[in-house]
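Input: a single structure, listed below in structure tokens.
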Amino acid sequence: MLTINFSPFPNLETERLLLRRVDSNDVKEIFALRSNPETMKYIPRPLVKTDEDALEHIAMIDTKIETNEGINWAITLKDNPKLIGIIGHYRIKPEHYRAEIGYMLLPEYNGKGIISEAVSEAVNYGFKIMKLHSIEAIIAPENHGSAKVLEKNGFVKEAHLKENEFFEGRFLDTVIYSILNK
């Protein structure tokens, strides 16, 4: 079985980005991401309503890192430490050498290739450092932007599950993409 250890916390760097640990100084940006119906459109989770909710979300991220259950990075531009998005490995299944990747970005940064660059680096970390065999992404079928990012990064569509999640009074479909470590 896979052994995972996120200590010390691994900062990651790409051509334009620094992926660093999320901290309480990011509360306004976490609030902006998770309270915005546009950024949360394809994420079946309740909207954050207060700074306190955002701080609780940051605390949950910290707990997952400290217990080696998951890892999130703040996506920042190299020349600016401000959080513009989040990316991470969730629902890690060490017994299956598999994790789920997830990400979100403030809308004003969409369309600039930032998420694709961050996904590439997070996948690289997942395979080379975490020693995962496969990484999955679970998206809404209508989230064409995310599907494009995943396909650009070598993910393939594995499944389309019909009405498999229930959120806010209705059933939602999900699509699973995955990539294997070759």
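Below, each value reflects all heavy atoms present in this structure, side chains not excepted, and no hydrogens, waters or symmetry copies. Numbers here are sequence positions counted from 1.
The salt bridge (charged side-chain N to carboxylate O under 4.0 Å, His left out) search around E66 returns R21, not counting sequence neighbours. Every residue two or more places apart in sequence or in another chain that forms a side-chain contact (heavy atoms from CB on, under 4.5 Å) with T50 is listed here: E52, D53. Partners of E13 according to the salt bridge (charged side-chain N to carboxylate O under 4.0 Å, His left out) rule, which considers only residues two or more places apart in sequence or in another chain, are K78. Contacts of E100 classified as salt bridge (charged side-chain N to carboxylate O under 4.0 Å, His left out), with partners at least two apart in sequence or in another chain: R91. Under the salt bridge (charged side-chain N to carboxylate O under 4.0 Å, His left out) criterion, K148 pairs with no residue at all, not counting sequence neighbours. Y42 is linked by a side-chain contact (heavy atoms from CB on, under 4.5 Å) to A140, E142, N143, counting only residues two or more places apart in sequence or in another chain.
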Listed pairs under 3.5 Å, donor-acceptor, residues 68-75 side chains, sequence neighbours left out:
from : atom 1 : to  : atom 2 : distance (Å)
N68  : OD1    : F6  : N      : 2.8
E69  : OE2    : T67 : OG1    : 2.8
N72  : OD1    : Y90 : OH     : 2.7
W73  : NE1    : P10 : O      : 2.7

What pairs of donor and acceptor atoms, side-chain ones from residues 174-182 against any protein atom, are under 3.5 angstrom apart with sequence neighbours left out?
from : atom 1 : to   : atom 2 : distance (Å)
T174 : OG1    : N164 : OD1    : 3.0
T174 : OG1    : N164 : ND2    : 3.0
Y177 : OH     : E151 : OE2    : 3.0
S178 : OG     : E158 : OE2    : 2.4
N181 : ND2    : L132 : O      : 3.3

Expected list for residues 28-37: side-chain donor-acceptor pairs under 3.5 angstrom, two or more places apart:
from : atom 1 : to  : atom 2 : distance (Å)
K28  : NZ     : D51 : OD2    : 2.6
S35  : OG     : F31 : O      : 2.5
N36  : OD1    : E38 : N      : 2.7

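With a 4.5 Å cut-off on side-chain heavy atoms, L77 and I84 count as touching. Between L19 and N11, the closest side-chain pair of non-hydrogen atoms is not below 4.5 Å. Counting heavy atoms from C-beta on, the side chains of I43 and M40 come closer than 4.5 Å. A heavy-atom distance below 4.5 Å is found between the side chains of K82 and L106. No side-chain heavy atom of H133 sits less than 4.5 Å from a side-chain heavy atom of L2.
Criterion: ILVMFWY side-chain heavy atoms under 4.5 Å apart, direct or through other members. Under it, L161 and I101 are not part of a common hydrophobic cluster. Criterion: ILVMFWY side-chain heavy atoms under 4.5 Å apart, direct or through other members. Under it, V48 and I61 are not part of a common hydrophobic cluster. There is no path of hydrophobic side-chain contacts, each under 4.5 Å, that joins I115 to I138. There is a path of hydrophobic side-chain contacts, each under 4.5 Å, that joins I58 to M104.
Judged purely by atom type and a 3.5 angstrom limit, E117 uses its side chain to pair as donor or acceptor with the backbone of R16. Not a single donor-acceptor pair under 3.5 Å links the side chain of T76 to the backbone N or O of L83. Of the possible donor and acceptor atoms, one in the side chain of N153 sits under 3.5 Å from a partner among the backbone N and O of V149.
Interatomic distance, M130 CE to F127 CZ, rounded to the nearest 0.5 Å: 10.5 Å. Distance OG/S120 to CD/E15: 11.0 Å, rounded to 0.5 Å. K157 contributes atom NZ, which lies 8.5 Å from atom CD1 of I139 (distance to the nearest 0.5 angstrom). Atom-to-atom distance recorded for H96:NE2 and M1:CE is 10.0 Å, nearest 0.5 angstrom. Atoms NZ and OG1, on K131 and T3 in that order, are 12.0 Å from each other to the nearest 0.5 Å.
Within the structure, side-chain hydrogen bond (donor to acceptor under 3.5 Å, both in side chains) pairs that include any residue of residues 102-111 comprise Y103-S146 (at least two apart or interchain). Listed by first and then second residue, the ring-ring contact (aromatic ring centres under 6.0 Å, His included) pairs involving residues 148-176 are F166-F171 (not counting sequence neighbours).
Grouped by direct or indirect side-chain proximity (heavy atoms under 4.5 Å, Ile/Leu/Val/Met/Phe/Trp/Tyr only), V156 sits alone.
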Verdict with reasoning, E136 to L150, per side-chain contact (heavy atoms from CB on, under 4.5 Å) = CA-CA 10 Å; E136 67 184 22; L150 293 167; over 6 Å; no
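Around the CD atom of E95, the shell of radius 6.0 Å holds more than 12 heavy atoms that belong to other residues, nucleotides or ligands.
Closest heavy-atom contact between A122 and I87: CB-CD1, 3.9 Å. Closest non-hydrogen pair, P44 versus L172, comes out as CB-CD1, 3.9 Å. When all heavy atoms are compared, the tightest approach of E121 to L12 is CG-CB, 3.9 Å. Shown here for K152 and S116, the closest heavy-atom pair between the two residues is CD-OG, 3.4 Å.
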